[in-house]
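Notes for the one structure printed next.
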Amino acid sequence: MVCGGFACSRHSLIILNVIYIVVSFIIIGVAAYGRVAAVITSLTLVGSLIACGVFLFLIALVGLVGAAKHHQVLLFFYMIILFLLFLLQFALACACLAVNADQKDSLARQGWQMSSAMTKADVQHQFDCCGFDDQNLNVSFPMGHPPCGSLVSNKLTKCCEGKESSPCCSGQYTNNTAESCPCQKCYERLRPIIYNAFSATGGVGLFFSFTEIIGVWLAMRYRNQKDPRANPSAFL
């Protein structure tokens, strides 16, 4: 087998698409971890990279079939779709890395506001916290959250154990709730997870997006090569 020949290109493209399948699971796993761990539904950039990972998995399957059969049509669509996926994944990864601290905070607040009472209750129990931040520890509760001592999911935050009479634990919110609440604010616990989610997802997405250019180039080269085992007159 001559390096750069038909067989070499065929095997290289097959191996590359197997790698793409593994990469797709890595992208999905990293992005999903950031989304689930943060329990914030408005991380649309992270969610979009999950979709890119799923799409990469599907297109890698198409590439495997096209490479194994030297199928001209499949390889053509494989090149086009993979290049478009590279552009989308590259843009989303750059967007994740470019989001500043204020924008991350704003997205987190929007996510909390959009979350259901059950989700907020689960967050408070999982991270042993109460409320989102100081903004909601007053009479008007602009951010809103269920009582930390009697949660919707029937789970008690550890910081409220034995302190059920505390304003934030009992739901009797007052102007001095922030000073008397024994629990840490949820955003103080969620902030490093949210920040890491953007950084890790953007970094992984950006790194692996460049490998897709290799796939496009290799598929284009392989598609224009003749199969030495086939009838030369049958080559398109």
Side-chain angles (χ1 to χ4, degrees), residues 1 4-99 107 111 114 119 193-194 196-227 229-230 234-236:
M1 180 178 68
F6 178 86
C8 182
S9 298
R10 179 174 181 267
H11 294 155
S12 298
L13 190 58
I14 291 175
I15 292 173
L16 186 62
N17 280 283
V18 172
I19 295 175
Y20 282 161
I21 292 177
V22 176
V23 169
S24 68
F25 284 112
I26 293 175
I27 294 175
I28 293 170
V30 172
Y33 170 77
R35 189 179 179 88
V36 173
V39 203
I40 296 296
T41 58
S42 69
L43 299 184
T44 53
L45 293 177
V46 176
S48 298
L49 276 173
I50 294 178
C52 284
V54 174
F55 205 58
L56 179 60
F57 173 78
L58 296 177
I59 195 61
L61 294 180
V62 174
L64 278 175
V65 176
K69 297 184 176 181
H70 197 225
H71 197 288
Q72 297 292 307
V73 177
L74 285 180
L75 289 173
F76 173 77
F77 284 106
Y78 171 78
M79 291 187 303
I80 300 300
I81 297 175
L82 189 62
F83 180 72
L84 294 176
L85 183 62
F86 158 74
L87 295 178
L88 177 61
Q89 185 174 319
F90 179 82
L92 290 173
C94 290
C96 282
L97 295 174
V99 174
L107 287 172
M114 294 170 57
T119 299
I193 298 175
I194 294 173
N196 290 337
F198 275 102
S199 299
T201 304
V204 170
L206 185 63
F207 176 79
F208 287 117
S209 66
F210 288 105
T211 64
E212 293 162 9
I213 290 296
I214 300 175
V216 173
W217 171 80
L218 191 57
M220 183 182 301
R221 180 182 182 182
Y222 173 64
R223 184 173 180 268
N224 294 322
Q225 289 177 323
K226 293 184 178 181
D227 187 349
R229 300 168 301 176
F235 178 72
L236 296 180

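A quick note: this is a predicted structure, and the numbers were derived from the prediction, not measured. Along the sequence shown, the residues carry numbers beginning at 1.
Smallest separation of non-hydrogen atoms from Arg223 and Met79: CD-CE, 4.0 Å. Residues Cys96 and Gly202 come closest through the heavy atom pair CB-CA, 3.8 Å. The shortest non-hydrogen separation linking Ala93 to Leu206 is CB-N, 3.3 Å.
Separating the CG atom in Leu13 from the CG atom in Leu218 is a distance of 5.0 Å, to the nearest 0.5 Å. To the nearest 0.5 angstrom, Phe55 atom CZ is 12.5 Å from Ile28 atom CD1. Taken from CG in Leu82 to CZ in Phe77, the straight-line distance is 14.5 Å, to the nearest 0.5 Å. Interatomic distance, Leu75 CG to Arg221 CZ, rounded to the nearest 0.5 Å: 14.5 Å. Here the CG-CG distance, from Leu64 to Leu74, works out to 11.0 Å after rounding to the nearest 0.5 Å. Atom CD of Gln89 and atom CZ of Phe210 lie 10.5 Å apart (nearest 0.5 Å).
Tyr222 places a side-chain N or O within 3.5 Å of a backbone atom of Ala67 that can act as its donor or acceptor partner. Not a single donor-acceptor pair under 3.5 Å links the side chain of Glu212 to the backbone N or O of Phe83. Distance alone, capped at 3.5 Å, places no donor-acceptor pair between the Tyr20 side chain and the Gly63 backbone. Although no hydrogens or angles enter the test, the distance criterion places a donor-acceptor pair under 3.5 Å between the side chain of Ser24 and the main chain of Ile21.
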Quiz item: After noting the C-alpha distance and the side-chain angles of Leu61 and Asn17, does the key distance pass the side chain to side chain contact (heavy atoms under 4.5 Å, CB included) rule?
Solution: CA-CA 7 Å; Leu61 294 180; Asn17 280 283; over 6 Å; no

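The side-chain heavy atoms of Thr211 and Ile19, taken from C-beta on, include no pair separated by under 4.5 Å. Looking at Ile26 and Phe208, their side chains come closer than 4.5 Å, going by heavy atoms from C-beta outward.
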